[in-house]
Amino acid sequence: MGILDTLFGRTKPVQPKLDDLFGLPSAAVQLEAATGFKPTGSGSVSFRAAEGRPFADIQKEVLELLDMDNGKPGAGLPVEVTKDSYGYTWIVSNHLSDEMDVLVTDLHAVNSALVDGGFGPQLLCTLVAFSDDNHRRLSLVYLYKRGTFYPFAPVPGSQDRRDNALELQVKGILGEDLKIEQDLARWFPVWGAPGL
Amino acid sequence: MATPTRYAPDRGLTVRMTATMFLLGLVFVAFVALIIGIMSAAHASAGAIIFIAVIFGGGSAFLSLFYSDKIALAAAGAREVSPQEAPQLHGIVDRLCALADMPKPRVAIAPTRMPNAFATGRNSKNSVLCVTDGLLRYSDLTQEELEGVLAHELSHVAHKDVQVMTYASLLAIVAGLLVRFAFYSEIFGGGRRGGNNSQAALLIPLIMLGSALVYAISFLLIRLLSRYRELAADRSGALLTQNPSALMSALTKVSQGMNRIPTQDLRAAEPLNAFYFTPAMKLTRGGGGGKSLSALFSTHPSLEKRIEQLEKIQRELSQPGAGNPRGIQ
C-alpha cells in the first residue's frame, strides 16, 4: 500500500496471479519421482462468494462451462460445488490421476471466468490433492494473491494435526519447479477442504 | 488498469478525510508559528516550558505507539491464543489475510462479556487483533457476521490507523501539556520573577491561551478523523468479504448488546474506546443539543451513518453489468 492509501484509509483489492498454476503438471511428476505421492485427480478452487445477483450469474456460467467440456455423457458430473464452514465456495473438479494438465486447465477456466467478471479479488486459493501408497494425504495449495504454492499435509485420522516434516520435505523437493511460499506464517491450514 | 474490477473508490470520503487532515496540518503550522514567535522573544522560561512539553509529549506518544499492542492487551486483560485454542477464529483470520494478501496479525481474546473487538499495533508485523469473549459467545453473531467484524478490524491494521491517529494526536498531546506546564509556572514561578519584565508576564498566559485553543480545535479534528477512519474500515471490510449485509447486521447486534451491559463495565472499558469496533461508552447528554454534541466528540460514527454507507456498497454489488465492469483510474 502506498502512503496515499494509508492516509486515506483505502485498500486496493488485490488481483490474483494465475500463470504459475501451469507449473503444476511438471511439479507433480517431480513429486511422484521423489516421494511416491501421486495426484488423486481431484482439484478445487476456493473463492469468496459475493452477495448480489452478478456474482450468482457468473458462478452459474462457470459451472456450465466446466460441465460442458466434460464430454462424457452418463459418466456423472465431474464438478461439485460445496460451501465450507467458513462461508467459502469450493468448486471441485475430478479427473483421472494422470490427467493433471486437464485438471489444471479446468481450474484455470474457473479463475479466468471470475477474473473476467471483475471478481478476481474474491479468489482465495486452489488446491490439488495427492496421496501415496500408505494413504497419506498431501495437497499443494496455490495462494492467488501471492502467486505461491505451499504444501498442506493433514495427519490421517487425527484432528487438526499437520505433518510438518512431510510439508518441509515437499518444500525442498519442489523448490526449483514451483514458487514456494517462503513465509511459513502464510501456510494456513485448510482442514476438511473438499477434494482433499 | 487492464484487469476488470468492481471496486469503485469512495471519492467523497477521501475528500472529507483530506480536508480534515489539511485543517489539522494548518493548526499545526499555526501552532509552530506561535511557538517560534514566543521563542524569538527569547524568554528563557517560556523556551524551557515549550522544550519540555515537546520532549514529554513526543516521548509519550512514541512510547504509546511502540508499545500500543502490549498496552492495549494489558488494558483489556486479553491473552494471545494459539490456533489450537481457537481454531475457528484463526481460520477466519487466516482466510481473510490470504484474500487481502496481508501478514497475519496475532490473535487475542479478552475475557469480557461486552461484545467487541479491536486491533492495535504500530505496524502490520506487530499488530494484534483482539476480540472479547462476549463477541464469540454471548452475542449470537453468525459466522459471517463475526467475519465482517474481523474484516473491519483487519482493515484498521491495513490502513495503519494506530500510526495515523498517533501522529494526528501528537500535536494535541503537546498542546495539552503546554497548557498544564504554563499554568504551573504561572503559579509557582510568578513570585520570583518580580516586576522587572512586563513582557514575560504576558508571555506565559499567551502560551496557555494559544495551546488551549490548539488543543480544543485539534481534539475536534482528531475525533472527526477517527470517525472517517471507522467509515473507511467499514468500507474496506465489506469489500473484502463482499458481504456488507453481514457487517450491517453485526453492527446492529453488537450495538444492541452494548446497551444491555451494565454501566460499570463500560466505564472500565472507556480508555480503549477509540480502538473498539463500536464505542463502549456513549456521550449521551439530556436535553435538546445533546445529540449533536455527542456526535461531535464521538470516536465512532453513528450506527445510522455506518449502515447507510454499507447499504450503498450493497447496492453497488447488486448492480447488474458484471460483463461491463468499471475500472479504477
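Per chain, numbering begins at 1; letters A, B, ... match sequence-line order.
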query: Considering residues, nucleotides and ligands other than B:Phe28, do more than 12 of their heavy atoms fall under 6.0 Å from its CZ?
result: no
- request: Find out whether A:Arg186 and B:Lys104 are in side-chain contact, i.e. whether some heavy atom of one side chain is under 4.5 Å from a heavy atom of the other.
  value: no
- prompt: Which answer fits B:Pro83, side chain, backbone, both or neither, if we ask what part of it has an atom under 4.5 Å from a heavy atom of chain A?
  reply: neither
- prompt: B:Ala100 versus chain A, heavy atoms under 4.5 Å apart: side chain, backbone, both or neither?
  reply: backbone
query: Considering only heavy atoms, which portion of A:Tyr88 lies under 4.5 Å from any heavy atom of chain B: side chain, backbone, both, or neither?
result: side chain
task: Name the option with the most non-hydrogen atom pairs under 4.5 Å to chain A; the candidates are B:Pro87, B:Ala98, B:Ala246.
output: B:Ala98
- prompt: Taking atom OH of A:Tyr86 and atom CG of B:Leu96, what is their separation to the nearest 0.5 Å?
  reply: 11.0 Å
- line: So, the part of A:Ala56 with a heavy atom under 4.5 Å from chain B: the answer is neither
statement: Honestly, the part of B:Ile313 sitting under 4.5 Å from a heavy atom of chain A is neither
query: Which region of B:Gln163, side chain (C-beta onward) or backbone (N, CA, C, O), has a non-hydrogen atom less than 4.5 Å from a non-hydrogen atom of chain A, or is it both or neither?
result: neither
- prompt: Is the number of heavy atoms from other residues, nucleotides or ligands under 6.0 Å of B:Phe22 CZ greater than 12?
  reply: no
- line: Answer key: most heavy-atom pairs under 4.5 Å with chain B among A:Arg53, A:Arg146, A:Arg48 is A:Arg48
- request: Would you mind checking which part of A:Ser46 comes under 4.5 Å of any heavy atom in chain B, side chain (CB onward), backbone (N, CA, C, O), both or neither?
  value: neither
Other residues, nucleotides, ligands: >12 heavy atoms within 6.0 Å of A:Lys17 NZ: yes
- request: Examine whether an atom of A:Leu143 lies under 4.5 Å from a heavy atom of chain B, and if so say whether it belongs to the side chain, the backbone or both; otherwise answer neither.
  value: side chain
message: Between A:Glu51 and B:Ser245 (side chain of the first, backbone of the second, donor and acceptor by atom type, cut-off under 3.5 Å), is there such a pair?
response: yes
message: If we ignore hydrogens and angles and just use 3.5 Å, is the side chain of A:Lys145 paired with the main-chain N or O of B:Leu99 as donor and acceptor?
response: yes
task: Report the option among B:Val164, B:Asp161, B:Thr18, B:Leu13 that has the most heavy-atom pairs separated by less than 4.5 Å from atoms of chain A.
output: B:Thr18
- prompt: Where does B:Ser155 contact chain A at under 4.5 Å (heavy atoms): side chain, backbone, both or neither?
  reply: neither
- prompt: Which region of B:Arg229, side chain (C-beta onward) or backbone (N, CA, C, O), has a non-hydrogen atom less than 4.5 Å from a non-hydrogen atom of chain A, or is it both or neither?
  reply: side chain
Most contacts with chain A, counted as non-hydrogen pairs under 4.5 angstrom, among B:Arg315, B:Arg95, B:Met17: B:Arg95
task: Just do the side-chain contact (heavy atoms from CB on, under 4.5 Å) check on B:Gln242 and A:Phe55 with the steps written out, would you?
output: CA-CA 10 Å; B:Gln242 293 279 297; A:Phe55 191 84; over 6 Å; no
message: Could you go through B:Thr241 and A:Gln122, starting from their C-alpha distance and side-chain angles, then the distance that decides it, and tell me whether this counts as side-chain contact (heavy atoms from CB on, under 4.5 Å)?
response: CA-CA 8 Å; B:Thr241 61; A:Gln122 300 309 109; over 6 Å; no
